[in-house]
Amino acid sequence: MKTIDDFNFSDKKALIRVDFNVPLDENFQVTDSNRIQAAKPTIIKVLEDGGSAILMSHLGRPKGMRNDAMSLQHIVNKASEIIGVQVKFVEEAVGPKAEEAAANLKPGEVLLLENLRFYAGEEKGDREFAEKLSRLGDVYVNDAFGTAHRAHASTTIVAEFFPENKCFGYLLAKEIEAIKKVMDSGEKPVTAILGGAKVSSKITIIENILDAIDHLIIGGGMAYTFVKAKGGRVGDSIHEDDKLDLALEILDKARAKNVTVHLPGDVIAADDFSNDANTQICPIDAIPEGWQGLDAGPKALENFGEVILNSKTILWNGPVGVFEMENFAKGTIAVGEYVAEATKKGAFSLVGGGDSVAAVKKFGFKDKVSYVSTGGGAMLESLEGKDLPGIAAIQK
Ligand code: AMP
C-alpha cells in the first residue's frame, strides 16, 4: 500500500483529493469542521516536506453546474484557520486560471480549487476532465474515503495520469487499515454488531463478514425479520415478510461457518412509534399485536455485553434501537458503553456506516472506540467485500 509516507514532497505540488463536503448554515458558515480537521495531517506532511498542496473537493450536489451557494470559497476561512496557513482560492477546478494559480504556488502554500461538481465531467468520470485536473500537480494523493466508492474523475480516473506518483493520504490509509484489521487479521474472537432498520440493506454485508467473525449480534429493526422467520410473534414490529427465507438461510450459513448468532432475547415494546408511547418489556418472540419492539431489553443487553466484553475485535454498524427517541436509546447507549469498555481492555473496535456513527458521536463514544469511519457508503461497500474504485486506482 503506497501511502504519503513513501514520498518526499520537497518542491513538489501535491494534488490532493480531500472531502471538504461540510455542512454550511444560512450565512455560509461551516457548522461542522471535522472533515477539514481530518484532512489536516496529510496537508501538513506535504507542507513540512517543503511542498505545496492543491486541494480539490466537492461540496453539496450542484449537479454539474456552477452554483454560488455551493462554492468552496465559503470554507476558505475555516480551512485556513484549521491548517494554519492562509489558503488561496481559485474560482475554477480546471482551466487557465486554475493552471496559473497552481503554477504560481510556492512551497508551503495551499491552494483550494472550486467545487469539482460544478463540472459535469467530475461525476461522469470524464477522462478529459481528469486529464485537465492532472496538469495541476506532480503527485496525486487521495485522502477522501467518503467518495472512494465512486469512479469519479477526481477520485479514480485522475490516478491514471500519475502512474508512479500516486498514493493514499493518512486518512484513507487509516480507513483501509481499520477495515483490514477486522476483515483479514482481526484477533479472535471477532464480533460484528449489526443493527438498523432493515435486513435487506445489510444482507450482502452479513454474507461477506461471516468468514471473518465468530459472533454476530443482530439488533434493531432487522432482528424481527429473523425472529418471525424462526416462528416468533413480533406483533407490529418492523419486519420484511419477503426476506423470511433469506433470514433462515443466513442463520444456516452462520451455523455452517461456526458463527454464533445472538438475537435480542427481550425487547422494549411500545404501543406506538413515539417517544411517549406506553412500553412493556417482553420476549422478542412474544410481542402482542398492537405493540412493536423499539429497543433491546435488559436480558438482551446483558447477553450482548458478555459477548462484546469478551471480544478482541469488534465491528459495529447500525443502532440496536430507535436511538433518535430518548426512551428507546438505552440499548444503543449500552452497546456503545460495552464497546468502549472492550476497547479500553485492548480490543480493536471499528464503528462504521451511517447511523451507528451518528449514535457514537451523539452519545460521546467517538473517542472511546478505536476507529470511527468517515465514509458511510464507502464503508458499507467495503464491508460488502466490494473493491472501491478510488482505492483500486491507487493500487493498480
Ligand atoms: P440503518 O440506516 O439501516 O442503519 O437504520 C438506522 C435506523 O434504524 C435508525 O433510524 C433507527 O431508528 C432504526 N431502527 C432501529 N431499531 C428499530 C426498530 N426496532 N424499529 C424501527 N426502526 C428501528
Side-chain angles (χ1 to χ4, degrees), residues 146 149 192-209 216-229 232-241 243 246-247 250 262-301 304 315-336 339 350-363 365 372-384:
H149 58 317
I193 308 157
L194 293 188
K198 291 182 166 179
V199 188
S200 48
S201 59
K202 306 274 164 91
I203 289 164
T204 327
I205 294 182
I206 301 179
E207 293 191 327
N208 188 52
I209 61 176
L216 174 61
I217 291 177
I218 299 180
M222 59 189 269
Y224 304 98
T225 301
F226 287 91
V227 171
K228 185 162 181 190
R233 286 186 294 123
V234 299
D236 291 358
S237 307
I238 186 171
H239 65 276
E240 293 167 276
D241 277 323
K243 296 288 179 294
L246 195 85
I250 289 174
H262 306 266
L263 285 157
D266 60 353
V267 297
I268 312 287
D271 61 356
D272 188 18
F273 189 79
S274 138
N275 191 48
D276 306 319
N278 296 307
T279 61
Q280 61 170 306
I281 296 170
C282 46
I284 197 170
D285 56 358
I287 302 173
E289 288 305 319
W291 293 74
Q292 53 185 306
L294 294 185
D295 199 6
K299 276 197 205 116
L301 291 176
F304 290 176
L315 165 71
W316 183 16
N317 169 278
V320 299
V322 185
F323 75 101
E324 298 92 336
M325 296 183 201
E326 199 189 335
N327 289 336
F328 305 106
K330 289 190 194 79
T332 301
I333 294 173
V335 167
V339 175
L350 164 61
V351 182
D355 273 323
S356 36
V357 173
V360 292
K361 285 186 182 161
K362 182 172 172 183
F363 302 127
F365 298 117
V372 180
S373 174
T374 57
M379 183 71 197
L380 296 179
E381 290 195 18
S382 303
L383 297 177
E384 286 175 352

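In each ligand, atom 1 is the first atom listed, and ligand 1 is the first ligand listed.
Which parts of ligand 1 touch Leu294 is read off a 4.0 Å heavy-atom cut-off, strictly below it: atoms 19 (N), 20 (N). Residue contact check: Tyr224 has heavy atoms under 4.0 Å from atoms 19 (N) of ligand 1.
Regarding atom 7 (C) of ligand 1, its nearest protein heavy-atom neighbour is Asp355 OD2, 3.7 Å. Closest to atom 16 (N) of ligand 1, if we only count protein heavy atoms, is Gly221 N, 3.1 Å. What sits closest to atom 19 (N) of ligand 1 on the protein, heavy atoms only, is Gly293 O, 2.9 Å. The nearest heavy-atom contact from the protein to atom 15 (C) of ligand 1 is Gly321 O, 3.2 Å. For atom 22 (N) of ligand 1, the closest non-hydrogen atom of the protein is Val322 CG2, 3.6 Å. Given atom 5 (O) of ligand 1, the protein heavy atom at minimum distance is Ala197 N, 3.0 Å.
Backbone and side-chain nitrogen or oxygen atoms of Val320 are examined, and none is located within less than 3.5 angstrom of a nitrogen or oxygen of ligand 1. Between Phe273 and ligand 1, no N or O atom pair is found at a separation short of 3.5 Å. Remark: ligand 1 and Gly220 share no N or O pair separated by less than 3.5 Å (distance only, no angle test).
Looking only at distances, no side-chain donor or acceptor of Thr332 sits under 3.5 Å from a matching main-chain atom of Pro319. With hydrogens and angles ignored, the 3.5 Å screen pairs a side-chain donor or acceptor of Trp316 with a backbone N or O of Gly318. Within the 3.5 Å criterion, the main-chain N or O of Asn278 finds a donor-acceptor partner in the side chain of Asp271.
Residue-ligand proximity: Lys202 is placed with a non-hydrogen atom under 4.0 Å from ligand 1. The closest approach between a heavy atom of Phe328 and any atom of ligand 1 is not below 4.0 Å.
Only side-chain heavy atoms of Ile238 come within less than 4.0 Å of ligand 1; its backbone N, CA, C and O stay farther off.
Distance check, rounded to the nearest 0.5 Å: NZ of Lys362 to CD1 of Ile333 gives 8.0 Å. Atom-to-atom distance recorded for Gln292:CD and Tyr224:OH is 8.5 Å, nearest 0.5 angstrom. Taken from CG in Asp295 to CE in Met325, the straight-line distance is 11.0 Å, to the nearest 0.5 Å. Interatomic distance, CG of Leu194 versus CD1 of Ile217, reported as 9.5 Å (0.5 Å rounding). One distance of note links CD1 of Ile209 with CD1 of Ile205; it measures 7.0 Å at 0.5 Å rounding. Atoms CG and CD, from Asp355 and Glu324 in turn, are 5.5 Å apart once rounded to the nearest 0.5 Å.
Proximity annotation for atom 11 (C) of ligand 1: of Glu324, Met325, Gln292, Glu324 comes nearest, heavy atoms only.
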Next item on the list: Show your reasoning for whether side-chain contact (heavy atoms from CB on, under 4.5 Å) applies to Leu246 and Glu240.
Entry: CA-CA 10 Å; Leu246 195 85; Glu240 293 167 276; over 6 Å; no
